[in-house]
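Comments concern the structure below.
What you see is a predicted model; the values in this text were computed from it and never measured. So that the names make sense, note that chain A is the first sequence line, chain B the second, and so on, each numbered from 1.
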Number of protein chains: 2
Amino acid sequence: MAGASYPGTMDTPDDDWLRLDQQICFSLHAASRAFNGVYRVILKDLGLTYPQYLVMLVLWEHGELPVKKLGEHLRLDSGTLSPLLKRLEAAGLVTRERSARDERSVQVRLTEEGTELRRRALQVPRRIAASTGFGAAEIRALRARLDDLTTALDAAALSETPGGSPADARS
Amino acid sequence: MAGASYPGTMDTPDDDWLRLDQQICFSLHAASRAFNGVYRVILKDLGLTYPQYLVMLVLWEHGELPVKKLGEHLRLDSGTLSPLLKRLEAAGLVTRERSARDERSVQVRLTEEGTELRRRALQVPRRIAASTGFGAAEIRALRARLDDLTTALDAAALSETPGGSPADARS
DNA sequence: CGCCATTCAATTGTGCGCAACTTAATTGTG
DNA sequence: CACAATTAAGTTGCGCACAATTGAATGGCG
């Protein structure tokens, strides 16, 4: 509200950029936490945290996966996944077993109970969607925007990195 | 509330909702972390983390504030802010002092060095904006969308709360 | 005035996210 | 075959987020 409208970028002064920056980074941060909060409440019934739910979604879709693949789907590394999977295992939702073929890799499988949980999870998305007040189309549009953003940011992070390793051709 | 029909939803089957849900929550989660990653790299020069930067932005704008007010601006509670502010204090960027007027409250003030840091921070937003590949207008549009989302989610979180304490007129 | 409810910060405990490092298995190369 | 390089998980350490609790200060009310 403060002073105004900047049509394009033209020569927006630094101070205004700083204010805009405050707004956009705050907005994304806040939205992410707000989302997290709603999921927290809804997922409490299932005994899952939000990240655990994401892992379960991937497993429900793919059946079973090594930790590495799970990490690629979710962009998470073993530092995050290992303890998380241990908790899911303790909860009786998954099993972790070293692969016989390649002893380095650990296969994550749904238990009976884990598979079962999917039925109860089916109503979660509707409750979330209802909470947003957004329709399917709007959600899809927002998702597309966010994915663009993520793609751009990931690319930028690489070029911006001090090490800046150029070779990043991931599988 | 079961069986209700939702705004844009025809009769999309549950399975598809689950898949869409996977996508939108994953997208937001990923975007948030990607943003965080870019800030991490850029803010390293300033010796700040992303949440610390948010706190500094608020302080640069308002000069000095009690912890409570800081928390309202950022939607963070003392559980998060107390240790964070201690670290900013240790870094010599802020001071914390119990208010003489009301001994319960702690006033957070910028030090000389903290005020000084703003000049170096002025170029951060431009680097971030460049990383996103978005123009000011796009950023603003996205921000507006995210704020809508946050508002809706916050409202929903309250009504969704298990305790659903009717008297939830906070503040 | 005395007491109780409220308010603000801080603390504790749990979980996520990420960097850096460790350990073990596999692969590639001579 | 032997040995270095690579790969997969796990571990450690730090910081953030949030719920729940604690403790001190304040304000309201009889």
(message) Please tell me whether B:His29 and A:Phe35 form a close aromatic pair, meaning their ring centres lie under 6.0 Å apart.
(response) no
Ranking D:dG10, C:dT26, C:dG17 by distance to the side chain of A:Asp102, first place goes to C:dT26
B:Lys44 NZ to D:dG15 C1', in whole Å, measures 14 Å
Out of D:dA9, C:dC18, D:dA17, minimum distance to the side chain of B:Pro51 belongs to D:dA17
Residues B:Ser131 and B:Val38: closest non-hydrogen pair is OG-CG1, 3.8 Å
Side-chain atoms of A:Arg104 come closest, of C:dT26, C:dA10, D:dA9, to C:dT26
Against the side chain of B:Asp77, the closest entry in D:dA19, C:dC8, C:dG17 is D:dA19
Comparing nearest nucleotides in DNA chain C, the 5'-proximal residue of the pair B:Leu81, A:Arg75 is B:Leu81
Winner on side-chain proximity to B:Gln52, out of D:dG15, D:dT26, C:dA9, is D:dG15
Does the B:Thr111 side chain pair with the main chain of B:Gly92, one donor and one acceptor, at a distance under 3.5 Å?
-> yes
Check: How is B:Ser105 classified with respect to the nucleic acid when contacts are heavy atoms under 4.0 Å: base, sugar-phosphate, or nothing?
Finding: sugar-phosphate
With a 4.0 Å cut-off on heavy atoms, is B:Lys86 in touch with a base, just the backbone sugar-phosphate, or nothing at all? sugar-phosphate
* To do: Scan A:Asn36 against the nucleic acid and name what it touches under 4.0 Å (heavy atoms): base, sugar-phosphate only, or nothing.
  => nothing
What's B:Thr80 touching, base or sugar-phosphate or nothing? Going by heavy atoms closer than 4.0 Å. base
Between B:Ala100 and B:Pro83, whichever has its closest DNA chain D nucleotide further toward 5' is B:Pro83
Result for 5'-nearest mapping on DNA chain D, choosing between A:Gly37 and A:Pro66, is A:Pro66
Among D:dC18, C:dA10, D:dT11, the one nearest any side-chain atom of A:Ser82 is D:dT11
As its Watson-Crick or G-U partner within any shown strand, both distances under 3.5 Å, C:dG30 has D:dC1
In whole angstroms, the gap separating C1' of D:dA19 from CG of B:Leu76 amounts to 14 Å
Students often mix this up, so state it plainly: with edges at 30° and 60°, are the rings of A:Tyr53 and A:Trp60 parallel, tilted or perpendicular? perpendicular
Regarding the side chain of B:Arg40, the nearest nucleotide among D:dA9, C:dA19, D:dA17 is C:dA19
Q | B:Asp77 side chain to B:Thr80 backbone, donor-acceptor under 3.5 Å | A | yes
B:Arg101 CZ to D:dG27 P, in whole Å, measures 11 Å
Between A:Thr49 and A:Ser78, the residue closer to the 5' end of DNA chain C by nearest nucleotide is A:Thr49
Rounded to whole Å, the CD-C1' distance (A:Glu103 to C:dT23) equals 14 Å
Here the distance between atom C1' of C:dG17 and atom OH of A:Tyr50, to the nearest Å, is 14 Å
From the list A:Glu97, A:Lys69, A:Glu64, side-chain hydrogen bond (donor to acceptor under 3.5 Å, both in side chains) partner of A:Gln107 resolves to A:Glu64
Rounded to whole Å, CG of B:Leu84 lies from P of C:dA9 at a distance of 14 Å
A:Leu85 CG to D:dT11 P, in whole Å, measures 12 Å
Separation of D:dA8 atom P from A:Leu65 atom CG, nearest Å, is 14 Å
N/O (side chain, B:Arg98) to phosphate O (OP1/OP2, C:dC8) under 4.0 Å: no
